[in-house]
Amino acid sequence: MSELKLYNTLGRNIQNFQSQIPKKVGMYVCGPTVYGPPHLGHVRGPIVFDVLRRFLKYQGYKVRFVRNITDVGHLVGDADEGEDKLQKQAKIEQLEPMEVAQSYTDQYNWAMDQLNVQRPSIEPKASGHIIEQIEMIQTIMDKGFAYEVNGSVYFDVMAYSIEHKYGELSGRNTDDLIAGAGNESRSLEGQDEKKSPNDFALWKRATPEHIMQWTSPWGKGYPGWHIECSAMSAKYLGESFDIHGGGMDLLFPHHECEIAQSKTAHNHQLARYWVHHNMITINGQKMAKSLNNGIKVTELFEGNHSLLSRGFGPKTLRFFVLQAHYRGTLDFSEEALIASEKGMKRLESAIGIIKNLKVSDESTIEIGDVKSAIFDALNDDLNTPIVIAQLFELAKRIQIVNDGKEKINSVIRDEIGQLMNEVYNDILGMPITSNESSNNNLDEIMSLVTDIRTSAKNEKNYALSDLIRDRLRAAGITLMDSKEGTTWKID
RNA sequence: GGUCGGAUGGCCGAGCGGCUAGGCAGAGGUCUGCAAAACCUUCUACACCGGUUCGAAUCCGGUUCCGACCUCCA
C-alpha cells in the first residue's frame, strides 16, 4: 500500500505524511464558536477531519483528536461595535452567557452525532483554560514579543518579523497587510493602541458591562482571538504536533497568529501539517453567519427552509460532502443533494444484496483493482470522490453477479463484503443500515399483508391489490414486485 | 488596493500531457396486470485567444468572468 500524502498549506504542496511519534498522531481542529445553532457551514470540516481520523486509525495509528469549543466570545463586526458575541446573545435571550454557550455546544454535538462524526478525544473549552492562556501570554511578553497598553496585551509582529516570517502560512507579507488595512474604513476598537496595524490582541481589557471577564496580571479582561488554540493544543498535544486542521477562512489571521504565538512561546513549530478544507457555497457564495445565508442543520434535516422542498437525512449530507474533494468548494443546492441521496441509496442497495449473492465454485470477477484504487485515492490527499466512484464500480460488479452474468465464489463475495464494510462504514463513516428488520412482529404482519395481496393479484383483483399498495405507501412502506415475489421497505 | 484560489456536459463533481472518472437528471430497453423499484445500454464537456508539444481539459502567456481572505466566521 502506498503512503498517505496530504496537501500541506505550509509549503503549499503535497507531502508524505509521517507522524512525529511512530503510530501515534496528534491532531487539532478548530471547533465552533458557540454563539448560534449549527448550520451547513459547520458541517464540512468535522466530516472531513473525521474521515482523516478514521483513515489514520484504520492504518493502525492511535489518534488523539482535539477539537475546541470557543465559548469566550470574540469581538463582532461593525454592527455590533465591540460587544462580546456571547454577551449579546445573552441579553437577547435573558440567559446566563454560559447557559447560552452550553445550549449551543449541545446542539453542535447533537448535530455531530447525527452526522456520525466521532466525538473528539478531548474537547477543551476556552473558558476552562484562561490560566493556560494567561501563562502563555506572559511567556510571550517575557520574551519580548508582546506589550501591554491600558490593560490590553498585543503581539508585536514587528519584533517577531526580525527572526521569523509572519505570513509563512498564508503567503502574506506585512507591508501588504498594512497597505490593505488602511484601505477600507475599519475602526476596530483599540486600533490606535497598537504599535503596528499588524499587531493582534492576546488579551483584551474588559469594559465594566462585559460579563465574561477574568482577572489577569493586566487587569480584568478576556483572552484575544487566537491564543486559546495555541494554549490548548500545547496542553493536550504538546508544543509541536502532527496535524492542525481548520477551514480555509481561518488561514488568516487565525492560524497565522497561532503559529506566531506558539513559535515565540515554545521556540518551535506548532503543527507539521496544516490541512485546510474549503467552504460550502450556496449560489457560488460561501455560507456564513455574517452573510445571513446559512441553512441550519435542523432546517436541512426537517426541510424547513425556502431552498428545500423536503428534509434530507444526515447520512445524505455526509455523502454529499464526501462526494467532493475537501480542498475544493462545494456548491449546495437541493438538486445536488437529491443526486447524492439517490446515488447513496443505489450504492446501499447493492451493499444489501452482497450476502444473498449466489456463490459458485469459481469466480469470474476480481476486485483487486478496485481495492487498490480505493486505497490509492485515500492516500492521495484523501480523495474521497474517487473512493466513492470506486464503490459504485464495486456495486456494478455486485449487480452483474446478481443478474447471473458473472459468477462469484464465497471468498470473493466475503472480500467484497469486508471491503465495503471497511471503506464505506469504517473509513467514510457511512453507517450501513441493515435490511433486516429488528421488529419480528412487523415482519410477520408484512408477510401476511403481502400474501393477501399476492393472492388478490393472482385472482386479478387489482382493485384490492392496489388498495393495499396505496395504503401502505401512505403509511411509509413501499412494496416492490419482482419475479421472486414482493418485497417491502420502510422509507 | 493587496494576497490566494477557481472557471469541466442540464446539475453536483473527479481528472492535472495520450487510455477522455463517478453520481443525478434526460433518452432507449429488460421486468411488470399497472405502477414503483431495480438492472442494462446511451447522448450531451472541458470560459476565451495565442503558444509549447507528435499529442493539452491537463503545461506556458494573455483576456474575460467568479470566489475567498485582508474584520468574527467552518
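None of the values given here were measured: they were computed from a predicted structure. First the proteins, then the strands, lettered A, B, ... as listed; each starts at 1.
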In 5'-to-3' order, the base (B), backbone-only (S) or no-contact (-) status of each nucleotide in nucleotides 33-44 of chain B, using a 4.0 angstrom heavy-atom cut-off, is BBBBS-SS----
Tabulate below the donor-acceptor pairs under 3.5 Å that side-chain atoms of residues 395-404 of chain A make, not counting sequence neighbours, or state none.
from      : atom 1 : to        : atom 2 : distance (Å)
Arg397(A) : NE     : Glu393(A) : OE2    : 2.9
Arg397(A) : NH1    : Glu366(A) : O      : 2.7
Arg397(A) : NH1    : Asp369(A) : OD1    : 3.1
Arg397(A) : NH2    : Asp369(A) : OD2    : 2.9
Arg397(A) : NH2    : Glu393(A) : OE2    : 3.2

By the 4.0 Å heavy-atom rule, please label Ala389(A) as base, sugar-phosphate, or nothing. base
Scanning both residues in full, the closest heavy-atom pair of Glu258(A) with Cys30(A) reads OE2-SG, 3.9 Å
For the C1' atoms, the ones on rU71(B) and on rC12(B), what distance do you get once it is rounded to whole angstrom? 32 Å
Should Tyr326(A) and Asp381(A) be marked as a side-chain hydrogen bond (donor to acceptor under 3.5 Å, both in side chains) after you check the CA-CA gap, both sets of side-chain angles, and the distance that decides it? CA-CA 9 Å; Tyr326(A) 75 89; Asp381(A) 197 26; 2.6 Å; yes
Using the C1' atoms only, state how far rC60(B) lies from rC24(B), rounded to an integer number of Å. 36 Å
How are the rings of His255(A) and His276(A) set to each other: parallel, tilted or perpendicular (split at 30° and 60°)? tilted
Give one of base, sugar-phosphate or nothing for Leu347(A), where a contact means two heavy atoms less than 4.0 Å apart. nothing
Tell me which nucleotide, if any, is Watson-Crick or G-U wobble paired with rA68(B) when both distances must be under 3.5 Å. rU3(B)
Determine the contact category for His254(A): base if any of its heavy atoms lies under 4.0 Å from a base atom, sugar-phosphate if only primed atoms, P, OP1 or OP2 are that close, otherwise nothing. nothing
Taking the minimum atom-to-atom distance to the side chain of Ala339(A), which one of rC24(B), rC4(B), rC69(B) wins? rC24(B)
Of all heavy-atom pairs linking Met420(A) and Ile354(A), the shortest is CG-CD1, 3.9 Å
Whole angstrom is fine here: how far is it from CG in Leu337(A) over to P in rA25(B)? 14 Å
Base, sugar-phosphate, or nothing for Met248(A), non-hydrogen atoms under 4.0 angstrom? nothing
Partners of His305(A) by ring-ring contact (aromatic ring centres under 6.0 Å, His included), sequence neighbours excluded? none
Would you call the rings of Phe155(A) and Phe200(A) parallel, tilted or perpendicular, where under 30° means parallel and over 60° means perpendicular? parallel
Residue met sooner reading RNA chain B from 5', once Arg12(A) and Tyr326(A) are mapped to nucleotides: Arg12(A)
Parallel, tilted or perpendicular, judged at 30° and 60°: which one describes the rings of Phe252(A) and Tyr166(A)? perpendicular
Gap between atoms CG and C1', on Asp381(A) and rC16(B) respectively (whole Å): 14 Å
Length of the CZ-P vector between Phe319(A) and rA14(B), whole Å: 13 Å
P atom, rA25(B) versus rG17(B): distance in rounded Å? 33 Å
For the base of rC69(B), is there a side-chain donor-acceptor partner from Arg172(A) under 3.5 Å away? yes
Separation between the P atoms of rA57(B) and rU52(B), rounded to whole Å: 16 Å
Nearest-neighbour nucleotide for the Phe252(A) side chain, rA14(B), rC12(B), rC70(B) considered: rC70(B)
Distance check needed: rA25(B) C1' versus Gln323(A) CD, whole Å only. 14 Å
Closest approach to the side chain of Asp249(A), judged atom by atom: which nucleotide of rC73(B), rC11(B), rA14(B) is it? rC73(B)
Does the structure show a Watson-Crick or G-U wobble partner for rC34(B), both distances under 3.5 Å? Name it, or say none. none
In terms of heavy-atom contacts, Leu330(A) and Val321(A) come closest through CD2-CA, 3.8 Å
Distance in angstrom units between His226(A) NE2 and rC70(B) P, rounded: 10 Å
Taking a pair to mean Watson-Crick or G-U wobble geometry with both distances below 3.5 Å, rC39(B) pairs with rG29(B)
Using a heavy-atom cut-off of under 4.0 Å over every strand shown, decide if Gly45(A) touches base, sugar-phosphate, or nothing. nothing
Which whole-number value in Å describes the distance from Leu251(A) CG to rA68(B) P? 15 Å
For rA21(B) and rA45(B), measure between their C1' atoms and round to the nearest Å. 13 Å
Please measure how far the P atom in rC48(B) lies from the corresponding atom in rU64(B), and state the result in whole Å. 16 Å
Separation of the C1' atoms in rA47(B) and rA56(B), to the nearest angstrom: 16 Å
Whole-Å distance between rC16(B) P and His325(A) NE2? 12 Å
Say you pick atom P in rC40(B) and the same atom in rG22(B); how far apart are they, in whole Å? 12 Å
Assuming nearest nucleotide by heavy-atom distance, tell me which of Asn278(A) and Ile386(A) is located more 5' along RNA chain B. Ile386(A)
